[in-house]
Amino acid sequence: MSYSQARSIAGAAQLGLLACLSAGALAADLPAGLAASGLPAPAVWGLWVCAWALAGLPGDWAGGHWLPARHGRASRSLGQWLGGWLRGAAVQAAYFVLGGMLLLVMAQWLGLWGAWGWMLVQMILLLGFQLWMAAGITGGQVRMESDRGRFVFVLDAADRGFTGGITGLPGQESLAVPAYWRAHLPQPVARVLQLRMHGIINTGAHGRGVAAAFLLNALVFLAALMLSGAGEGQLEGLLRLPLLVTLFSSVSRLGLPAWYSRRAVYEADRWAYHKGVDGDHLRAGISAVQRLAEDGGSPLWSGIPPEAERLEALGRQEDLQGGWNTGGQLLYLSWAGINFGARAWPDLLGRPALWVMTPGV
């Protein structure tokens, strides 16, 4: 079995486990029992979030340390990996605890629509502070540069699969470039890849991806709020909310987001190609990033097309438009809905450096 196949199986198992646990907790009405425990609401909510974070540890260990070591890809010891996981899990859990308690306050104050509005505001804030969220999880240094009138942030991450990306709200985007590219890729190749990232913005692919992810999540959050009762401002509803978001989000990433993301990859590749960059450097960059991203996922959920198809499509004149990394942004923005499964997908499993800036090329 190949490494990519093993990761796909591990991710599917983790998603299935979280789905079963969520469905079981809903069927047993566990949130109602916890809400009636008599403990203060912040304590119950904090313990609930921490319990789900720990529930993901075995799968994260398998995807982040055991499988890479088994396939000769591990570059860090178990202790180093665990330290990175603890940092990432703590940042995410702290965000979930704070966001959930504020959502409860908004629901008590303004009802269902106030809670939903707070979730929409969170998605905007998550986009605006994405770079600093990623830096907080990775613990790496950030250097600021400028290129073609945009800020470029060079971010150090221990995971070579970190591909950086576009950060910030549409219209105010900056580039986040992995320090690994600067240190290990030939300079002309790294420059072409950075130019291609400008193309993701200039073609509108980033804005379309953000809009699609925002809309899908908004619909998921509204459905979960209505079914959970969280909009009524009760602790029981808040405890039930992430279980429903976890179930719904696992379905919302499949199919359409992956298809839309793949179109954006082809669009950005051709934009760079027709800008007159050296074709050999562009092909070398595509191959290098594809190798580093280690993406061998199913077209059902993966937004990165196979390398051979990308290289073959460079010369075609199809006028494709897509939404860059729609599926990955869908997962990161689902933090606003306290999605316990946001980091359980095969490409993210056990890799905290990719939880905020999910792999997109």
Side-chain angles (χ1 to χ4, degrees), residues 8-37 41 43-63 85 88-89 92-97 99-101 103-104 107 112 115-116 119 122-123 213 216-232 234-255 257 300-301 327 330-350 355 358:
S8 294
I9 292 173
Q14 182 79 336
L15 287 168
L17 173 63
L18 291 175
C20 290
L21 290 174
S22 297
L26 288 169
D29 207 9
L30 187 57
L34 291 173
S37 65
V44 174
W45 175 240
L47 290 171
W48 186 237
V49 169
C50 290
W52 281 93
L54 291 174
L57 177 56
D60 279 334
W61 166 78
W85 182 88
Q92 188 184 62
Y95 182 87
F96 283 174
V97 170
M101 292 310 300
L103 187 144
L104 193 63
L112 171 68
W116 189 54
M119 297 166 97
Q122 280 188 79
M123 285 197 285
L216 282 170
N217 270 336
L219 295 174
V220 165
F221 296 163
L222 183 58
L225 277 170
M226 289 178 169
L227 293 173
S228 67
E232 299 172 6
Q234 301 298 319
L235 176 60
E236 177 184 339
L238 177 62
L239 294 171
R240 194 178 290 118
L241 175 68
L243 306 181
L244 291 168
V245 170
T246 298
L247 290 171
F248 295 163
S249 294
S250 296
V251 177
S252 68
R253 194 194 183 191
L254 299 176
L300 189 62
W301 60 264
L330 191 71
L331 291 179
Y332 170 57
L333 295 182
S334 72
W335 286 30
I338 317 159
N339 177 15
F340 291 144
R343 65 175 199 246
W345 291 79
D347 47 344
L348 309 182
L349 192 63
W355 292 352
T358 57

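Both backbone and side-chain heavy atoms feed into the values below; hydrogens, waters and symmetry mates do not. Computed from a prediction, not measured in an experiment: that's the story for all the values here.
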Measure across [X] and [Y] and return the closest heavy-atom pair with its distance rounded to 0.1 Å.
X	Y	value
Gly11	Pro346	CA-CG, 3.8 Å
Leu15	Ser250	CD2-OG, 4.2 Å
Phe340	Pro242	CE1-CB, 3.5 Å
Asp60	Trp355	OD2-CZ2, 4.1 Å
Gln14	Ala344	CG-CB, 3.5 Å
Ala336	Met123	CB-CG, 3.8 Å

Interatomic spacing from [atom1] in [X] to [atom2] in [Y] - rounded to 0.5 Å:
X	Y	atom1	atom2	result
Met119	Leu241	CE	CG	5.0 Å
Leu104	Glu232	CG	CD	11.5 Å
Leu247	Leu26	CG	CG	6.5 Å
Ile338	Ser249	CD1	OG	11.0 Å
Ser22	Leu30	OG	CG	11.0 Å
Trp301	Trp345	CH2	CH2	8.0 Å

Are the side chains of [X] and [Y] in touch, meaning some heavy atoms are under 4.5 Å apart?
X	Y	answer
Asp347	Thr358	no
Leu333	Gln122	no
Arg253	Leu216	no

Scan the side chains in residues 43-58 for donor-acceptor partners under 3.5 Å anywhere in the protein, sequence neighbours excluded, and list what turns up.
unit_1 : atom_1 : unit_2 : atom_2 : d
Trp45  : NE1    : Phe96  : O      : 3.3
Trp45  : NE1    : Val97  : O      : 3.2
Trp48  : NE1    : Leu239 : O      : 3.1

Going by atom type alone, with no hydrogens or angles, which donor-acceptor pairs under 3.5 Å involve a side-chain atom of residues 217-228 and a protein atom two or more places apart or on another chain?
unit_1 : atom_1 : unit_2 : atom_2 : d
Asn217 : ND2    : Leu330 : O      : 3.0
Ser228 : OG     : Ala224 : O      : 2.8
Ser228 : OG     : Leu225 : O      : 3.4
Ser228 : OG     : Ala230 : N      : 3.0

